[in-house]
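Since this is a predicted model, take the numbers as computed values, not measurements.
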Amino acid sequence: MIALFAIIRNVKSKHAKTLRSVFTRPTAASLAFADIESLLLGLGATLHEREGSRVKFTLGVEEWHAHRPHPGKEAKRYQVESAREFLQRLEIKP
């Protein structure tokens with residue numbers, strides 16, 4: 001986890017803001033799904049495109065499955081909470 005901690009400390013300020021938003025309570029409903037995607041990719045996650053709007057992110061041994069929202073761009077509350085759980089499993093916190 002030391003290497004991952006070093007990555008977290010060196011993320012862009014936009015990613016740091018998104019990370020704080022993901023962990024904000026009550027859960028944000030106005031967070032763009034693309035921002036969550038960008039954060040995960042910035043942390044080193046691998047994006048796997050699936051059928052339709054399905055995506056899978058892999059970081060280490062952990063995986064997160066999600067659907068890109070459509071027609072809107074905002075992530076649903078349950079998606080933000082799911083992303084938070086994924087980051088917590090990786091021991092990533094703001």
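Of the inter-residue distances, the one linking L31 atom CG with T18 atom OG1 reads 6.0 Å to the nearest 0.5 angstrom. Interatomic distance, L90 CG to L43 CG, rounded to the nearest 0.5 Å: 8.5 Å. We find the CZ-CD distance between F86 and Q79 to be 14.5 Å, quoted to the nearest 0.5 Å. The CG atom of L41 lies 8.5 Å from the OG1 atom of T46; values are rounded to the nearest 0.5 Å. Separating the OG atom in S53 from the NE2 atom in H67 is a distance of 5.0 Å, to the nearest 0.5 Å.
Side chains of W64 and L87 form no contact here, defined as non-hydrogen atoms less than 4.5 Å apart.
Under a cut-off of 6.0 angstrom, the local environment of CZ in R77 is sparse, with at most 12 non-hydrogen atoms contributed by other residues, nucleotides or ligands.
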Using a 3.5 Å cut-off and no angle test, enumerate the donor-acceptor pairs between side-chain atoms of residues 55-62 and protein atoms at least two apart in sequence or in another chain.
unit_1 : atom_1 : unit_2 : atom_2 : d
T58    : OG1    : H48    : NE2    : 3.4
E62    : OE1    : R89    : NE     : 2.7

Which atom pairs, one a donor and one an acceptor, fall under 3.5 Å between side chains of residues 19-28 and the rest of the protein, sequence neighbours left out?
unit_1 : atom_1 : unit_2 : atom_2 : d
S21    : OG     : K17    : O      : 3.1
T24    : OG1    : R20    : O      : 2.7
T27    : OG1    : E81    : OE2    : 3.0
T27    : OG1    : R84    : NH2    : 3.1

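Within the structure, every pair that satisfies the salt bridge (charged side-chain N to carboxylate O under 4.0 Å, His left out) test and touches residues 26-45, not counting sequence neighbours, is listed here: K14-D35, E37-R68.
The minimum heavy-atom distance between G42 and H15, with the atom names listed, is CA-NE2, 4.1 Å. Between E74 and A29, the shortest heavy-atom contact is CB-O, 3.8 Å.
Contacts of S38 classified as side chain to side chain donor-acceptor pair (under 3.5 Å), with partners at least two apart in sequence or in another chain: none.
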